[in-house]
Structure formats: structure tokens, C-alpha cells
Amino acid sequence: MNRTIITVVGRDTVGIIARVCTYLAENNINILDISQTIVQGYFNMMMIVDTAKSSKSFDSVQEQMSKIGEEMGVQVKCQREEIFDMMHRI
């Protein structure tokens, strides 16, 4: 399994989840876990996805997800799970 952490942060707007999930589905990326909240108009989502069956490279997914975020006015970040874990170790 090739797990990636995707975070989305920004002002809430219609279609954020739909747009991100559509891209993932079109690229054969499976959502393993998802959590999202909206606090005073600000949207925050964290996803754990499996990219093992995707034909796209991690760098390509990362770049395209960032572009999708820019188009929607939110920030989308992708990190490999092992890097995310190392950054958040106590």
C-alpha cells in the first residue's frame, strides 16, 4: 500500500469534497479514511488515501491536487505517510 496524507484548508465553498474526490476516483486512488470540519466558515479536511493502483506518480498527483486547490481558493497538500509521520513524531 502506498499511503498519502491529503489536507485541504481554506474558506468553505460548495464542491470542495466533490472536486477532490472526483479527481481521486478518476485516478484510481482509494480513500481509506476522511475527516472534515467547518469552523466559522473555514473548511478543514484530512484524508488518508492509497495510491498503489494509480498510474500517476506521487509528484504528478501532488502537483495536480495543488492546482485544484488553487482553482477553488483553498490549499491542498499531499505528503507521503512516512514523511507525515516523521514530521509529527513526539
Side-chain angles (χ1 to χ4, degrees):
M1 202 177 312
N2 296 328
R3 291 163 53 129
T4 298
I5 310 299
I6 299 173
T7 57
V8 182
V9 178
R11 286 215 177 263
D12 188 33
T13 187
V14 174
I16 297 172
I17 297 172
R19 183 88 183 272
V20 170
C21 291
T22 297
Y23 173 84
L24 296 175
E26 288 172 348
N27 290 284
N28 209 22
I29 298 171
N30 188 37
I31 299 169
L32 303 172
D33 201 355
I34 182 172
S35 172
Q36 65 93 32
T37 59
I38 300 168
V39 178
Q40 295 186 5
Y42 288 93
F43 179 85
N44 184 23
M45 178 169 67
M46 181 175 177
M47 307 172 92
I48 302 172
V49 301
D50 180 9
T51 60
K53 293 183 180 175
S54 178
S55 61
K56 299 219 173 178
S57 70
F58 174 82
D59 291 337
S60 176
V61 170
Q62 188 177 40
E63 181 180 316
Q64 291 172 343
M65 292 296 289
S66 181
K67 190 174 194 175
I68 288 169
E70 288 175 19
E71 292 169 2
M72 293 187 300
V74 297
Q75 186 177 51
V76 180
K77 292 195 175 203
C78 299
Q79 289 183 294
R80 296 181 194 271
E81 182 183 41
E82 58 271 14
I83 302 298
F84 185 88
D85 286 344
M86 293 299 275
M87 289 177 57
H88 295 91
R89 256 186 8 188
I90 295 179

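The figures here come from the full heavy-atom set of this structure, side chains too, leaving out hydrogens, waters and symmetry mates. Start at 1 with the first residue, then count along the sequence.
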Residues that, via side-chain heavy atoms closer than 4.5 angstrom, fall in one hydrophobic cluster with [X]:
X: Phe58; answer: none
X: Val39; answer: none
X: Val8; answer: Ile6, Ile16, Ile17, Val20, Tyr23, Leu24, Ile29, Ile31, Ile34, Ile38, Phe43, Met45, Met47, Val49, Val61, Met65, Ile68, Met72, Val74, Val76

Within the side chain of [X], is there an N or O that forms a donor-acceptor pair under 3.5 Å with the backbone of [Y]?
X: Gln62; Y: Cys78; value: yes
X: Thr22; Y: Ala18; value: yes
X: Thr51; Y: Ser54; value: no
X: Asn2; Y: Asp50; value: no

Subject >> Pairing residues for Gln40 by the side chain to side chain donor-acceptor pair (under 3.5 Å) criterion, not counting sequence neighbours >> reply: none
Original post:
So which pairs with a foot in residues 63-78 pass salt bridge (Lys or Arg N to Asp or Glu O under 4.0 Å), sequence neighbours left out?
Top reply: Arg19-Glu71
Subject >> Selection residues 23-42 - residue pairs positive for salt bridge (Lys or Arg N to Asp or Glu O under 4.0 Å), sequence neighbours left out >> reply: none
**OP:** Using the rule that two of Ile, Leu, Val, Met, Phe, Trp, Tyr join whenever any of their side-chain heavy atoms come within less than 4.5 Å, decide whether Leu32 and Ile5 are in one cluster.
**Re:**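 Same hydrophobic cluster.
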Set of residues satisfying side chain to side chain contact (heavy atoms under 4.5 Å, CB included) with respect to [X], sequence neighbours excluded:
X: Ala25; value: none
X: Ser55; value: none
X: Asn28; value: Lys53

